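In this text, all values refer to a predicted model and were calculated from it rather than measured experimentally. Heavy-atom basis, side chains included; hydrogens, waters and symmetry copies ignored. Here is the naming used below: chain letters follow the sequence lines, and residue numbers restart at 1 for every chain.
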Amino acid sequence: MYEFENKIIKDGRVLKEQFIPSRIVHRDGQLKVIRDNLRPLLKRQQPRSMFIHGSPGTGKTCISKYVTEELSAHVSSVLHCYVNCWLYPSTFKILFSILQEFGVSMSIHRKGTPTDELFDIFRKRLQDRQCVIVLDEVDQLEDDKILYDLARMENVGLMLISNDEHALGGVDPRVRSSLASVDTIHFPPYSFEEIRDILRDRAEWGLLPGVVAKAQVDWIARVSSGDARIALNVLRLAAEAAENKDREGISDEHIRAALPKVHVSEKEKATERLNEHQRMIYGIISQSGEIKPEDLYPEYEKACKKNGVDPIVDRSVRKCLEKLAQYKLVLAKGEGRWRVYSVGKEAAGEGS
DNA sequence: CTTCCACCGGAACCGTGGGAAA
DNA sequence: TTTCCCACGGTTCCGGTGGAAG
């Protein structure tokens with residue numbers, strides 16, 4: 001609709017972190033292991049489930065999606081789906097979004113269907129077909145029983161992903177034993193050279209030739225400390241800024257401006273998903289640096305009065321704290337009454 | 001030592017919202 | 001339209017616990 005010829009960006013999608021490239025740069029070892037684990041599907045045999053862990057931006061999500069799509073393209077009878085457990089933490093939501101991806105959402109009503117029934121529908125839909133289910137951010141699961149149920153299903157391969165190496169450490173022993181045979185795969189942070197190669201690859205497909213200098217790519221690779229997500233976001237933001245303003249190539253200034261934006265956003269993004277009360281509680285904790293639960297509620301009530309909000313009861317506040325700790329927005333040290341809440345390390349210095 | 005009290009957290013319960021069936 | 005159903009967030013209730021007071 002607007003006659004607008006891009007001078008910088010050739011294909012913006014390529015620079016987004018959700019983009020799945022047509023070829024994977026580095027990660028050959030992990031790729032092979034994952035393929036090997038899924039290979040039995042080709043012979044209609046049971047695949048081996050996996051637990052994939054590693055820091056943010058190490059390619060866990062990207063490669064899981066890549067492999068499952070590759071597999072389905074190869075063998076059309078194999079279904080696959082991806083669920084982010086932060087967005088869909090309850091058993092109901094997970095099953096619902098699986099069914100949605102399998103194209104059965106029309107036949108079920110979103111409300112009014114019991115969770116058990118969703119599982120039956122899922123089983124029926126599968127019949128003798130095989131599928132791979134990716135559960136990303138699996139540490140955000142509200143009830144780990146679904147892992148037990150899914151792991152015991154024939155024809156289902158699980159790929160459980162988490163930043164937290166010990167995400168499966170705390171699950172119920174019964175769930176634990178059903179996951180005894182999962183293959184644990186570690187994704188270490190990328191090296192400088194690897195990040196550089198990833199950036200070069202994406203720049204080649206996503207940007208027009210010559211708009212970003214080699215030295216600039218190196219710079220971005222160096223400051224992103226092994227996190228591909230950060231690197232790509234810096235490149236994307238810088239490219240977008242250049243496209244919107246100067247349109248003569250990406251300048252160092254564009255990159256410099258993009259850097260802080262990317263680093264701030266992680267925790268900010270997380271707090272956006274909180275409700276009013278959770279956000280107030282989070283605010284109190286981050287302001288006081290460290291706070292005991294008993295001191296927190298009065299503070300919370302004060303904050304409510306100031307904001308003209310009806311406070312929720314103390315028990316509900318404790319539930320909010322549970323949630324915040326699960327989201328890893330706050331750190332809970334100690335048990336029960338001796339617990340102390342604080343925000344993560346990087347904000348520890350601030351406060352009054 | 002016993003009693004009391006504040007706080008924690010599990011479990012049952014309730015109100016609400018919204019889609020489906022009657 | 002009304003009625004029914006169910007997930008979900010919040011509330012109520014309550015038993016357990018350990019420190020403080022008697």
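Where A/Arg315 and A/Lys93 meet DNA chain C, the nucleotide closest to each residue was compared, and A/Lys93 sits on the side nearer the 5' end.
Under 4.0 angstrom from either OP1 or OP2 of B/dC8 there lies at least one side-chain N or O belonging to A/Arg318. The side chain of A/Thr113 contributes no N or O atom lying less than 4.0 Å from OP1 or OP2 of C/dA7. One finds a side-chain N or O of A/Ser316 lying less than 4.0 angstrom from the OP1 or OP2 phosphate oxygen of C/dT11.
Contact check on A/Glu253 versus A/Arg256 returns a salt bridge, with a Lys/Arg side-chain nitrogen under 4.0 Å from an Asp/Glu carboxylate oxygen. Ion pairing of A/Lys124 with A/Asp120 is absent here, as no side-chain N (NZ or NE/NH1/NH2) approaches a carboxylate O to less than 4.0 Å. We find that A/Glu142 and A/Lys323 are joined by a salt bridge, their nearest charged nitrogen and carboxylate oxygen being less than 4.0 Å apart.
Look at NZ on A/Lys319: it is 14 Å from P on B/dC14, rounded to the nearest Å. A straight line from CD of A/Glu294 to C1' of C/dG19 spans 11 Å, rounded to a whole angstrom. Counting to the nearest Å, the P atom of C/dT11 and the CD atom of A/Glu322 are 15 Å from each other. Between the CD atom of A/Gln278 and the C1' atom of C/dC8 there is a distance of 13 Å, rounded to whole Å. For A/Phe92 and C/dC8, the CZ to P distance is 7 Å, given to the nearest whole Å. Summarising the geometry, the separation between CD1 on A/Ile312 and P on B/dT16 is reported as 17 Å, rounded to the nearest angstrom. Between the OH atom of A/Tyr297 and the C1' atom of C/dT11 there is a distance of 11 Å, given to the nearest Å. Atom pair A/Arg273:CZ and C/dG9:C1' shows a separation of 19 Å (rounding to whole Å applied).
For A/Trp338, whose side chain is taken as the heavy atoms from C-beta onward, the closest listed nucleotide among C/dG10, B/dG10, C/dG18 is C/dG18.
Residue A/Asp314 is classed as having no contact, given no heavy-atom separation below 4.0 Å to the nucleic acid.
In this model, no side-chain donor or acceptor of A/Arg339 finds a partner on the base of B/dG9 within 3.5 Å.
Taking a 6.0 Å sphere around CZ of A/Phe122, one finds it holds more than 12 heavy atoms contributed by other residues, nucleotides or ligands.
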Next on the checklist: Walk me through whether A/Val343 and A/Leu331 qualify under side chain to side chain contact (heavy atoms under 4.5 Å, CB included).
Outcome noted: CA-CA 6 Å; A/Val343 292; A/Leu331 216 67; over 6 Å; no

